[in-house]
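Basis for what follows: all heavy atoms, side chains included, without hydrogens, waters or symmetry-related copies. Each chain gets a letter, A, B and so on, in the order the sequences are listed, and its residues count up from 1.
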Protein chains: 4
Amino acid sequence: MAGINKVILVGNLGKDPEVRHLEGGSSVAHFTLATNDYYKDKSGTRVERTEWHNITAWRGLAEMAEKYLKKGQQIYVEGKLRTRQYQDKDGQTRYITEIVADEISMLGGRPHTEGQANGQSTEQPVEAQTFRQEPEIDQLPF
Amino acid sequence: MAGINKVILVGNLGKDPEVRHLEGGSSVAHFTLATNDYYKDKSGTRVERTEWHNITAWRGLAEMAEKYLKKGQQIYVEGKLRTRQYQDKDGQTRYITEIVADEISMLGGRPHTEGQANGQSTEQPVEAQTFRQEPEIDQLPF
Amino acid sequence: MAGINKVILVGNLGKDPEVRHLEGGSSVAHFTLATNDYYKDKSGTRVERTEWHNITAWRGLAEMAEKYLKKGQQIYVEGKLRTRQYQDKDGQTRYITEIVADEISMLGGRPHTEGQANGQSTEQPVEAQTFRQEPEIDQLPF
Amino acid sequence: MAGINKVILVGNLGKDPEVRHLEGGSSVAHFTLATNDYYKDKSGTRVERTEWHNITAWRGLAEMAEKYLKKGQQIYVEGKLRTRQYQDKDGQTRYITEIVADEISMLGGRPHTEGQANGQSTEQPVEAQTFRQEPEIDQLPF
DNA sequence: TTTT
DNA sequence: TTTT
């Protein structure tokens, strides 16, 4: 039975993406994304709740992340949930749930800083864009 | 900054929901949902990949789950991601990511088996329905 | 500014898809999809409301629709909204809003009827599958 | 059969919302939302395509729209598709497809201008927020 | 642990 | 025009 496994997030990057360039020429990027929620508690006080998500982006999306995404930026992410097993340092099996991105879009028309060779940094408004990664078999190098 | 944290799943229940009736009169249900994916590997062989999701449903949705949802049934779930911390038996901090359901819809018009007191089981077609839980502050009794 | 334009539907086909094979070798399918909604009116009576959607599928999805989709079948459709202008028979400009499908998934494991040359019809369970159409420039032959 | 009818948009308001306060104390807001798409045509030229959507918001969301939403602002809208019939000035039956909003979130932390009694306008950063309208029976006053 |  |  075919299923649907879809995640839609709008949030802010917790840090710059970490990008690894793999041997076969492929790339993978990791970053965290915060989605904030507000609600009123019983006393009527406004409370903020932040949820942190682990985002993984492959190939073209990893390269896009490396070039354009910075800590704090607000983005739209569409992807699928994947829970991976790994062994921690004590040899115990642990699980981590990630969102594997299929589409990333930069929101808010926020200017982004492009690093300059001379150490200067000029604010260059980068027109917000949507990037899409066509589905392929994900390599799992970790 | 307000964010969006939305999950949309179509899959099959891995087991009957476990429902707990809390002291304040509230209820919470837990179950797992499998979403299946198919892809062709390099040799062209069709491979199935199953992703398992932990679903939590509160209040009215928990009661709906208790009444209508059974192992194997195909459903639509809409909700939000939440990662919880807990201490494992060795006192170590661990994390689990769940989908807290906002809406559940039964798909496929699949007949559902209602347990009978006399041990017999009659197939009773249950009209597929959508159930929605209005947002409230989630209690976290575990 | 990049935007998001996404539609997610689960409903039943109102009729068999109409498929046109275009000169360049491409195909386009049209069909209607009903999504049903239930609510209680002021007197507490349960009322059903049906919304009808115009679905357009291109290329591989059109061929999938031609092969596998039949009137009455329950499917998941993901796509984008597009409003087209056309001239009615009186030369007036009219508008129609369609959902251009990016992904279609058959739900419910419902057996589908394959027409047979001898006029007989055998129920053949078709394994539910998800089909995806990679984004390209849509041709607009009508 | 229960269905799913869901639309997710990120785009910019084409004009300030038009809000009507109805006799029963309810309100309804209308505005248009542009979602922009970019693609490369056959010659490799980057082409922009804008899709316009008719958004309708009821009750609390209408009041939120009246207070906070302005032409040009980037927002997230979640809602459902609804196609309405009406008679045009020539007595002909026409159809219009709208998105009835269930949730609206302001994106980008963009400051918004609050009209001032003295005719001055001060830029007041409004913390982006998500507003939700609980489902009720929609009144249809037009 | 589901489904086809 | 669908489905339950």
Which of F/dT1, E/dT2, F/dT2 is nearest the side chain of C/N36? It is F/dT2
What is the distance from CZ of B/F31 to C1' of E/dT1, rounded to the nearest Å? 13 Å
Among E/dT2, E/dT4, F/dT1, which nucleotide sits nearest the side chain of B/Y38? E/dT4
With sequence neighbours excluded, residues passing side-chain hydrogen bond (donor to acceptor under 3.5 Å, both in side chains) with D/K80: D/D102
Give the C-alpha distance, both sets of side-chain angles, the deciding distance and a yes or no for side chain to side chain contact (heavy atoms under 4.5 Å, CB included) between C/T35 and C/T50. CA-CA 6 Å; C/T35 55; C/T50 298; over 6 Å; no
To the nearest Å, how far apart are B/L107 CG and E/dT3 P? 15 Å
C/N54 CG to F/dT1 P, straight-line distance once rounded to whole Å: 15 Å
When rounded to whole Å, the NZ to P distance for the pair B/K70 and E/dT1 reads 19 Å
Please confirm whether C/R94 makes a cation-pi placement over C/Y86, using NZ or CZ under 6.0 Å from the six-membered ring centre and within 45° of the ring normal. no
Once you round it to whole Å, what is the distance between P of F/dT2 and CG of C/L69? 16 Å
Applying the 5.5 Å / 30° rule, does B/W52 stack onto the base of E/dT2? no
Which nucleotide in F/dT3, E/dT4, F/dT1 has an atom nearest any side-chain atom of B/E48: E/dT4
How long is the line joining CZ of B/R46 and C1' of E/dT3, in whole Å? 12 Å
Among all residues two or more places apart in sequence or in another chain, which pass the side-chain contact (heavy atoms from CB on, under 4.5 Å) test with B/E63? B/S27
What is the distance, to the nearest angstrom, from the CD1 atom on D/I4 to the P atom on F/dT2? 21 Å
From the set F/dT2, E/dT3, E/dT1, return the single nucleotide nearest to any side-chain atom of B/T32. E/dT1
Whole angstrom value for the distance that separates P of E/dT1 from CG of B/L13: 15 Å
